[in-house]
Amino acid sequence: MGTAYKIRCKHCGARFDHYMQPGYGILPACVGCGETVETETAIRCPACRRRLNATQEEFNRQIEVTYQWD
């Protein structure tokens, strides 16, 4: 199972895809099912290098599309 996000950076407006791999023994983060997104490890915009996941709410506001698969 995996989750991918299409994100638009709130700082510079860049759009990019971010893939979250499932962890070993840990369920993958999923915005659509109410689970939390990792906030201890930074997700950074590839264009401006600013952090996008300081909080769950900040990350959720920048997501345009969520893809999930088994």
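These numbers come from the heavy atoms of this one structure, side chains and all, not from hydrogens, waters or symmetry mates.
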Which residue, F59, Y67, Y19, forms the ring pair (Phe, Tyr, Trp, His ring centres under 6.0 Å) with Y5? F59

At what distance, to the nearest 0.5 angstrom, does CG of N60 lie from OG1 of T55? 8.5 Å

Nearest-0.5 Å distance, CG of residue D17 to CD1 of residue I7: 8.5 Å

Do the charged groups of R51 and E58 touch, with an N to O distance under 4.0 Å? no

Are side-chain heavy atoms of I43 and H18 found at a separation under 4.5 Å? yes

Name all residues meeting the salt bridge (Lys or Arg N to Asp or Glu O under 4.0 Å) criterion together with E64; count only those two or more places apart in sequence or in a different chain, and write none if there are none. R8, R15

Is there a donor-acceptor pair under 3.5 Å between the side chain of Q62 and the backbone N or O of K10? yes

How many angstroms lie between atom SG of C9 and atom CZ of R49, to the nearest 0.5 angstrom? 11.0 Å

